Amino acid sequence: MGWAIALHGGAGDIPLSLPPERREPREAALRHCLQVGVAALKAQRHPLDVVELVVRELENNPHFNAGRGSVLTTKSTVEMEACIMDGNTKRCGAVSGLSTVVNAISLARLVMEKTPHIYLAFDGAEAFAREQGVETVDAINFITPENIERLKQAKEANRVQIDYTQPIQMDPTKEKPIVDGDSQIGTVGCVAVDGEGNLATATSTGGLVNKMVGRIGDTPVVGAGTYANSYCAVSATGKGEAIIRSTVARDVAALMEYKGLSLKEAASYVVEECTPKGTCGLVAVSATGEVTMPFNTTGMFRACATEDGYSEIGIWPPSAEN
Ligand code: ASP
């Protein structure tokens, strides 16, 4: 038993040749966010506070596809989404379709704590944000030069261009993306457990570059991209449509609960056997302080630490990093 924390900044087809100017800021952010989370756990903060705190840091960093760095829809707008969940109580909150809220994850927590509901989206979620007085900015502030350029390239090629990954093809007749052709990257997430076995998870994203307006991915869908119970806390990343079909996060918990698998066994079974190759990665911790970060994509921006002194920050599989 002991505390443990893991976080991710997205899984996808990350080339080993990723230039240092794109790799280093993300590695530095992972290191910083890990330190923030570890310090909070050592200060006895509840895991729910810890995952919210860490995801807020990641949302505030423009190098990830969440909060400030959120990618753009086909209409050059931002539609952010997020979900947070407490393991022992299974209380959870989720939001989608946010265009002005600085920290989507904190609004998700307010949905959990201040409403009788679990999931608010689009105009209703924005109105709730105003009512709660959370920090908002004009939507134009989320539209960064980097994301305008990404969208421009995608539109010129008539396809959905996903950060460093291969492009998603567009259906030329219907002008909508064929999502099956690709994966995406940059979503952020954090899972944490304290010395008493309290578990929590949080995930936040801008979704896909050039996604259809109104598209909802796996991130805010409880049991798909985000899930925690009294056994484990899971945050997934990758191709949202594949993750929803495979109920990735819930399946990890279910394999532990119903089949007695360890966290590592359950997570690697779901990632290796239950989701198509190249579509998914996750970070997870168990009530007893185990941590695991499997992925079936080329890489996943990730970091973890445990009370017994283990710590890891990586992008590609350990064999490729050496
Ligand atoms: N899973 C997210 C989505 O499909 C994207 C990601 O993980 O990068 O919206």
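Here the structure is a predicted model, which is why all the values come from computation and not from measurement. We count ligands from 1, going down the list as the structure has it; atoms in each ligand are counted the same way.
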(message) Tell me whether ligand 1 is touched by Asn65 - counting only heavy atoms on the residue side and a distance under 4.0 Å.
(response) no
(request) Determine, using heavy atoms of Gly225 and all atoms of ligand 1, whether some pair is separated by less than 4.0 Å. (result) no
(message) I'd like to check whether Ile243 has a polar contact with ligand 1, where a contact means an N/O of the residue lying under 3.5 Å from an N/O of the ligand.
(response) no
(request) With heavy atoms of Gly186 as the reference, note each atom of ligand 1 found under 4.0 Å away. (result) 8 (O)
(message) Please report whether ligand 1 has a polar contact with Glu241, defined as an N or O pair separated by less than 3.5 Å (distance criterion only).
(response) no
(request) Mark up the atoms of ligand 1 that fall under 4.0 Å of a heavy atom belonging to Thr237, in ascending order. (result) 6 (C), 7 (O), 8 (O)
(message) Tell me the nearest of Lys211, Glu81, Arg215 to atom 4 (O) of ligand 1, using heavy-atom distances.
(response) Arg215
(message) Any carboxylate oxygen within less than 4.0 angstrom of a Lys/Arg side-chain nitrogen, looking at Arg45 and Glu52?
(response) no
(message) A quick test of your reading: do over 12 heavy atoms of other residues, nucleotides or ligands sit less than 6.0 Å from OH of Tyr269?
(response) no
(request) May I ask you to check whether Thr205 has an N/O atom sitting below 3.5 Å from an N/O atom of ligand 1? (result) no
(message) Checking side-chain polar atoms at under 3.5 Å, does Ser204 have a donor or acceptor matched by the opposite partner on Glu59?
(response) yes
(request) Working to the nearest 0.5 Å, report the span between CG of Leu208 and CD of Glu241. (result) 6.0 Å
(request) Find the distance between CD1 (Ile105) and CD (Glu57) and round it off to the nearest 0.5 Å. (result) 13.5 Å
(message) Within the 4.0 Å heavy-atom shell around Asp218, which atoms of ligand 1 are there?
(response) 1 (N), 2 (C), 3 (C), 4 (O)
(request) To the nearest 0.5 Å, tell me how far Lys211 NZ sits from Lys75 NZ. (result) 14.5 Å
(request) Check each atom of ligand 1 against the heavy atoms of Gly207 and keep those under 4.0 Å away; list them by number with element. (result) 9 (O)
(request) Identify the residue among Thr205, Asn65, Thr203 that makes a side chain to side chain donor-acceptor pair (under 3.5 Å) with Thr187. (result) Thr205
